[in-house]
Amino acid sequence: MSHQLVYYSRNTVPDGDRAMLTNLREIVSASQRNNSHNGITGFLIFDKTWFVQILEGDRSKVTETYNRIARDTRHATATIMSVRDVEGRLFPNWTMGGAMRTPEMQEVYLQHGIGSEMNPATLKSVQVVALALDLQAFEQAKRQGQRLAS
Ligand SMILES: Cc1cc2nc3c(=O)[nH]c(=O)nc-3n(C[C@H](O)[C@H](O)[C@H](O)COP(=O)(O)O)c2cc1C
């Protein structure tokens with residue numbers, strides 16, 4: 001039995017690709033280090049305004065990780081959308097997979113009824129999980145393509 005927590009928060013990093021990318025690189029590397037140590041997996045969806053993250057693992061580790069993340073000043077007003085026990089992990093291969101919204105993903109977002117602006121406050125956690133699964137598949141297909149091309 002595994003535990004899953006979904007939350008969203010507001011990105012407080014001033015808009016501007018450079019600062020945002022530097023921050024994200026730091027977040028991803030800290031996540032990979034800590035999450036592999038704690039047996040946490042998950043997925044992070046983000047754009048210039050929002051973060052939406054899914055954390056999976058042991059209940060105590062998920063709670064501990066979420067509490068640490070929630071204090072991070074690079075985002076604000078972290079809001080839990082759902083916490084539940086799940087049979088298996090949906091993102092077992094990612095210590096923290098992530099997808100920054102880019103124009104090439106537009107199709108995936110549209111398939112989930114999300115137009116130009118995502119507003120996590122109006123989404124249900126099952127929609128977030130479904131979107132993350134498709135973004136995960138999209139990213140994996142892209143990587144596969146890159147490997148084949150090189
Ligand atoms: C949106 C967002 C998502 C994050 N996700 C994770 C995560 O999954 N795991 C993690 O350990 N830290 C995550 N962090 C970073 C933590 O807030 C914190 O900076 C980090 O865990 C500190 O690690 P360190 O003490 O090893 O430097 C996230 C931060 C933000 C803003």
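What you see is a predicted model; the values in this text were computed from it and never measured. Every number for a ligand or one of its atoms is a count from 1 in the order of the listing.
The shortest N/O to N/O separation between Asn35 and ligand 1 falls below 3.5 Å. Checked by distance only, ligand 1 and Ser9 stay at 3.5 Å or farther apart across all their nitrogen or oxygen atoms. For ligand 1, the polar-atom distance check finds an N/O of Asn34 within less than 3.5 Å of one of the ligand's N/O atoms. The shortest N/O to N/O separation between Arg74 and ligand 1 falls below 3.5 Å.
When hydrogens are left out, the protein atom nearest atom 12 (N) of ligand 1 is Ser31 OG, 3.8 Å; that is the closest non-hydrogen contact. The closest protein non-hydrogen atom to atom 31 (C) of ligand 1 is Ile27 CD1, 3.6 Å. The closest protein non-hydrogen atom to atom 11 (O) of ligand 1 is Arg68 NH2, 2.6 Å. Looking at atom 14 (N) of ligand 1, its nearest protein heavy atom turns out to be Ile69 CG1, 3.9 Å.
Below 4.0 Å from some heavy atom of Arg33 lie the following atoms of ligand 1, by number and element: 24 (P), 26 (O), 27 (O). Distances below 4.0 Å separate heavy atoms of Asp72 from the following atoms of ligand 1: 15 (C), 16 (C), 17 (O), 18 (C), 19 (O), 29 (C), 31 (C). Residue Tyr7 has at least one heavy-atom neighbour below 4.0 Å for each of these atoms of ligand 1: 1 (C), 2 (C), 3 (C).
Scored by the side chain to side chain contact (heavy atoms under 4.5 Å, CB included) test, Ala76 finds Thr12 as partners (sequence neighbours excluded).
Looking at Gln53 against ligand 1, only its side chain comes within 4.0 Å, counting heavy atoms. Here Leu55 has side-chain heavy atoms under 4.0 Å from ligand 1, and that is the only part of it that gets that close.
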Quiz item: Where do Gln53 and Ile69 land on the side chain to side chain contact (heavy atoms under 4.5 Å, CB included) test, with the steps shown first?
Solution: CA-CA 10 Å; Gln53 190 173 26; Ile69 295 171; 3.5 Å; yes
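Glu139 places no side-chain N or O within 3.5 Å of a backbone atom of Gln136 that could act as its donor or acceptor partner. The backbone N or O of Ile80 lies less than 3.5 Å from no partner atom in the side chain of Ser82, so there is not a single donor-acceptor pair. The backbone N or O of Leu90 lies less than 3.5 Å from a partner atom in the side chain of Glu56, making a donor-acceptor pair.
Defined by atom type and a distance below 3.5 Å, a donor-acceptor pair is missing between the side-chain atoms of Gln4 and Arg89. His3 and Asp58 share no donor-acceptor pair across their side chains, judged by distance under 3.5 Å alone.
Under the 30°/60° scheme for interplanar angles, the aromatic rings of Trp50 and Tyr8 are found to stand perpendicular.
Between Tyr66 and Tyr7, the ring centre distance stays below 6.0 Å.
Contact annotation for atom 17 (O) of ligand 1: protein present (non-hydrogen atoms, distance under 4.0 Å).
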